[in-house]
Amino acid sequence: MVNTMTLTWEATREFAVMAEYSTYGSVVVLQVNNPPVNSFSYHVRQGLVDGLEKAQRDPAIRSIVIMGKGRTFPAGADVREFGTASAGMMPDLLSVLAAVDTSPKPVVSAIHGTALGGGFELALASHYRLAVPSARVGLPEVHLGILPGAGGTQRLPRVVGVKTAIQMITTGQHIKAQQALSLGLVDKIVQGDLLKEAVSFARSIEGRPVEDRRISQKTVPDAEKVGEVVDAARKTIIRRARGAIAPMTCVQAIQASVLPFDVGMQRERELMAFLMTSWQAPAQQYAFFSEREVRRWSHPRDKRVNFKTAKPRVIKSVGVVGAGTMGVGITISLLQAGLKVVLLEVNKKQLDRGITTIQKTLSQKSASQRMSLLTTTMDYSALSDVDMVIEAVFESMRLKKEVFKKLDSITKPQAILASNTSGLDIDKIAAVTKRPDKVVGTHFFAPANIMRLLENILGKHTSAETIATAMQLGTTIGKVGVLVGNCPGFVGNRMLGPYVTEAVFLLEEGADPQDVDKAIEEFGFAMGPFRMGDLSGLDIGWRGRIEKGLTTEQGPPPATPPLYRRGNRYCPLADMLCMQGRLGQKTGAGWYRYEPGSRAALPDPVVQQMIREYRQEHGFKKRTISSQEIVERCLYPLINEGFHILDEGIAARSMDIDVTYLFGYGWPRHTGGPMYYAEKVVGLEKILRSLESYQAQYPDHHYLQPSPLLRDMVAKGTSLAALGTDSKL
Ligand SMILES: CCCCCCCCCCCCC[C@H](O)CC(=O)SCCNC(=O)CCNC(=O)[C@H](O)C(C)(C)COP(=O)(O)OP(=O)(O)OC[C@H]1O[C@@H](n2cnc3c(N)ncnc32)[C@H](O)[C@@H]1OP(=O)(O)O
Ligand SMILES: NC(=O)c1ccc[n+]([C@@H]2O[C@H](COP(=O)([O-])OP(=O)(O)OC[C@H]3O[C@@H](n4cnc5c(N)ncnc54)[C@H](O)[C@@H]3O)[C@@H](O)[C@H]2O)c1
């Protein structure tokens with residue numbers, strides 16, 4: 001029985017409060033107190049070492065418990081400290097953990113919340129580990145471009161074996177307490193009050209020798225298979241990493257766990273130093289903090305549009321209009337978050353198909369409970385009582401206006417009306433309603449129940465309350481919401497325009513679709529532009545070009561030069577595919593061909609022949625184009641468009657653009673996002689000079705004209721951080 005009256009507080013130094021020392025008879029409890037996630041900043045490390053030393057000195061103390069105060073056990077090193085003077089200040093995390101491991105008095109880690117990274121490494125250095133049922137543990141350092149550098153790569157395989165350690169560390173997965181128990185990573189799951197349970201447990205093991213509890217002194221169970229296991233893992237990991245160096249470096253460190261502990265630790269340290277000093281680690285850490293920073297949104301259009309002051313409306317029920325690809329995905333997201341949904345569709349077959357997909361997708365366990373939140377209808381009056389509507393009908397301004405007029409007359413006056421348009425003018429849509437302040441763009445990405453990005457578009461009249469509601473909805477359904485302004489294509493699709501256009505021009509000059517895709521995939525994208533086009537459906541872009549009058553279903557508009565539209569260079573190859581009914585995967589053929597039932601993109605001689613004939617007809621001479629040129633010509637114009645977007649105040653900060661691309665377009669995380677990559681990896685001056693050089697070669701590719709903002713920044717040597725509030729990073 002724990003006697004709470006025996007608790008004593010001894011703040012021996014100013015910073016000791018970050019690792020509070022209290023005694024319960026013979027047990028010392030060290031509670032890390034560094035909100036919000038109890039990360040190991042310098043004062044925590046010092047507090048722990050002081051506490052451990054004090055506990056060793058006191059003969060009345062026979063065991064030690066380490067735990068976290070507030071919401072969690074330490075969630076790792078303080079990433080904001082990396083690269084600063086305090087990161088290097090002794091004691092470092094390694095010495096804290098060495099003091100734990102070698103403690104002659106047993107040390108028990110009592111875990112609640114998330115024991116991650118250095119936090120879990122601390123637990124592994126302890127002699128015993130307890131966890132509450134809801135706790136999770138893991139080594140997610142790989143997502144920050146580093147490795148578990150406080151012994152994680154050496155201790156974890158000594159418990160679970162090299163194979164499982166590789167799996168856990170290279171994916172960074174968090175595992176639940178029950179699984180951790182079955183893997184031998186925790187000794188006991190405790191119910192009830194963790195502090196009391198931990199103190200009782202610590203008392204129960206007092207006097208037992210700690211030597212055989214030290215993971216550092218154990219050997220790796222599958223040591224003899226290490227070569228085989230690493231070889232088998234290598235291929236998958238390299239393919240999955242797509243250019244990120246951390247995953248394979250983690251494997252190298254884990255491989256060293258079959259060596260004596262000190263030798264393995266030395267290897268871990270060297271490899272950690274390699275990663276810490278690489279360009280990828282800061283890029284991934286920037287991505288981590290940016291994902292969180294975009295929650296603190298504001299927009300230059302109006303100072304009331306600010307997360308600090310704008311209050312969201314409460315949304316309990318949502319109408320979704322259109323049960324196509326997007327409407328169904330959005331519905332699934334909303335249901336999974338426990339919101340009531342009224343799904344409306346005008347086509348009965350489509351509605352039935354949508355219901356089947358929703359049923360199949362919702363997890364077995366909760367399907368019936370989630371499905372009970374769904375009402376489906378073909379009658380607009382069923383939307384009369386919802387708090388918000390998300391429209392996802394075909395991408396046609398005429399149709400969207402018609403739908404919004406109807407919604408305005410049917411829904412309650414305070415309901416928010418959102419459009420999932422990919423790039424149409426939100427102000428024009430809002431103008432047909434009597435509530436333009438309640439009209440907003442909520443641009444989801446396909447598949448909408450999987451993709452994390454929600455690009456929220458602020459129209460000219462959208463109120464701060466409406467935008468706050470859209471941002472809040474994003475959080476409720478687990479999305480990363482980014483606030484942007486209204487312009488054709490918004491941020492994401494607008495930047496994609498020059499990228500895709502330039503990719504097609506590369507075909508004219510000699511590349512095949514697979515050459516372009518390969519170069520872009522080697523850069524780190526999951527898919528190059530042509531495979532992506534086939535997946536999304538080539539008709540989406542084609543319909544858009546038809547709507548803009550750039551082409552027709554029969555070919556170029558009458559009296560139009562074949563390779564120009566409105567004075568700009570134009571390549572009709574994509575239109576030609578669509579005219580042949582090659583709309584991508586869904587028709588079995590697009591830029592590639594697909595075997596029935598397969599998604600594997602196979603180079604298609606028919607397309608190669610079509611491109612050859614096209615080159616001949618228009619006098620293009622085929623040349624070999626390097627991967628470097630492909631990457632520069634596709635990505636630099638995309639980045640350039642990002643500078644225009646910043647210049648026009650469409651995005652408030654460069655990080656909003658980066659997060660859009662990381663979460664919506666598969667931009668490789670280890671490069672930080674397009675704007676970060678431009679500034680910190682390539683350098684703005686080099687981007688500018690390359691654009692100038694390509695522009696001189698292709699004067700009629702108008703988007704190669706460098707943005708005035710980019711020119712100005714290079715001339716003045718200013719940084720992207722100085723443009724917005726990125727300075728916190
Ligand atoms: C020159 C080279 C020499 C090299 C020599 C080598 C020597 C080695 C010595 C160093 C050893 C260190 C080794 C260690 O292995 C490294 C690490 O531990 S890295 C950190 C690992 N941990 C993580 O990655 C966890 C990251 N956090 C999360 O996943 C989540 O935050 C959470 C803990 C699951 C909580 O999620 P939520 O509840 O959703 O909360 P938020 O995510 O919104 O976070 C709240 C708030 O906290 C901030 N934060 C979270 N984690 C950290 C962190 N580790 N450090 C700093 N700050 C953190 C987060 O940013 C939020 O704040 P906000 O951004 O909103 O202000
Ligand atoms: N598919 C994507 O990858 C993607 C990604 C982001 C945004 N978007 C946007 O989302 C919207 C929907 O795209 P989608 O791919 O889901 O289209 P889709 O063709 O799959 O579905 C559209 C649905 O709307 C229905 N519909 C048409 N008129 C209607 C009306 N008056 N009332 C109710 N329903 C009606 C159609 O029957 C169809 O089922 C478009 O604006 C599109 O630009 C699409």
Side-chain angles (χ1 to χ4, degrees), residues 34-41 71-83 87-88 92-97 113-122 136 138-144 146-153 172 174 268-277 281 285 288-293 295-296 320-330 343-351 353-354 378 380 390-396 399-400 402-403 406-407 419-424 443-448 451 455 492-493 535-537 539-540 543-544 664 728-729:
N34 185 21
V37 298
N38 287 325
S39 61
F40 292 115
S41 53
R71 67 196 241 198
T72 186
F73 194 80
D78 183 346
V79 182
R80 287 201 193 276
E81 256 190 8
F82 288 175
D92 62 10
L93 193 53
L94 284 162
S95 25
V96 178
L97 270 55
T114 45
L116 299 177
F120 187 41
E121 290 173 300
L122 166 68
R136 285 180 296 140
L139 296 173
E141 285 87 343
V142 70
H143 298 307
L144 299 169
I146 55 172
L147 53 74
T153 66
H174 301 182
E268 180 189 91
R269 202 179 169 79
E270 287 159 14
L271 292 166
M272 177 69 154
F274 163 69
L275 289 177
M276 279 283 212
T277 51
Q285 289 154 27
F288 173 84
F289 286 116
S290 296
E291 176 186 344
R292 286 153 180 84
E293 192 64 29
R295 298 179 205 145
R296 290 180 269 269
V320 176
V321 179
T325 312
M326 295 308 289
V328 165
I330 294 167
L343 175 61
L344 180 141
E345 167 63 63
V346 286
N347 176 332
K348 175 80 173 87
K349 263 197 190 153
Q350 188 72 11
L351 184 58
R353 213 176 298 146
M378 294 182 67
Y380 268 80
I390 301 174
E391 162 278 310
V393 302
F394 302 128
E395 186 76 341
S396 145
L399 179 60
K400 304 240 183 223
E402 201 180 283
V403 168
K406 218 182 272 182
L407 291 174
S419 174
N420 185 50
T421 172
S422 304
L424 296 176
H443 184 201
F444 290 77
F445 288 71
M451 294 295 286
E455 193 183 28
N493 285 343
L535 177 68
S536 316
D539 50 328
I540 296 183
R543 292 275 157 223
K728 197 175 170 196
L729 297 177

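What you see below is based on every heavy atom in this structure, not just the backbone, and it leaves out hydrogens, waters and symmetry mates. Indexing begins at 1, ligand by ligand and atom by atom, following the structure's order.
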Looking only at heavy atoms of R71, does any of them come nearer than 4.0 Å to an atom of ligand 1? yes
Any N or O on E345 sitting closer than 3.5 Å to an N or O of ligand 2? yes
Looking only at heavy atoms, is any part of E293 under 4.0 Å from ligand 1, and if so is it the side chain, the backbone, or both, or is it neither? neither
Below 4.0 Å from any atom of ligand 1, is there a heavy atom belonging to R296? yes
Could you check whether any heavy atom of R295 sits closer than 4.0 Å to an atom of ligand 1, since that is the contact criterion I want to use? yes
Counting only heavy atoms closer than 4.0 Å, does ligand 2 sit against the backbone of S422, its side chain, both, or neither? both
Could R292 and F288 be counted as a cation-pi pair, given that NZ or CZ must be under 6.0 Å from the ring centre and within 45° of the axis? yes
Within a distance of under 4.0 Å, is there any protein heavy atom near atom 17 (O) of ligand 2? no
Yes or no: does F40 have any heavy atom under 4.0 Å from an atom of ligand 1? no
Close approach of D92 to ligand 1, heavy atoms, under 4.0 angstrom: no
Is there at least one pair of N or O atoms, one from K400 and one from ligand 2, spaced under 3.5 Å apart? yes
Could a heavy atom of S536 be found less than 4.0 Å from some atom of ligand 2? no
Any heavy atom of L144 under 4.0 Å from ligand 1? The part involved is side chain
Measuring from non-hydrogen atoms of A150 to any atom of ligand 1, is the shortest distance under 4.0 Å? yes
Which protein heavy atom lies closest to atom 32 (N) of ligand 2, and at what distance to 0.1 Å? Y380 OH, 2.8 Å
Which residues pass the side chain to side chain contact (heavy atoms under 4.5 Å, CB included) test with F394, not counting sequence neighbours? L399
Tell me which part of V403 gets within contact of ligand 2: side chain, backbone, both or neither, using heavy atoms under 4.0 Å. side chain
Give a yes/no on ligand 2: does F394 have at least one heavy atom closer than 4.0 angstrom to it? yes
With a 4.5 Å cut-off on side-chain heavy atoms, are V403 and V321 touching? yes
Could you see which bit of V79 sits under 4.0 Å from ligand 1, with heavy atoms only: side chain, backbone, both or neither? both
Sorted by chain and residue number, the side-chain hydrogen bond (donor to acceptor under 3.5 Å, both in side chains) partners of R543 (sequence neighbours excluded) come out as E553
Top protein contact for atom 20 (O) of ligand 2, by heavy-atom distance: T325 N, 3.0 Å
Going by the 4.0 angstrom heavy-atom rule, the piece of E402 near ligand 2 is neither
Under 3.5 Å between some N or O of ligand 2 and some N or O of H443? no
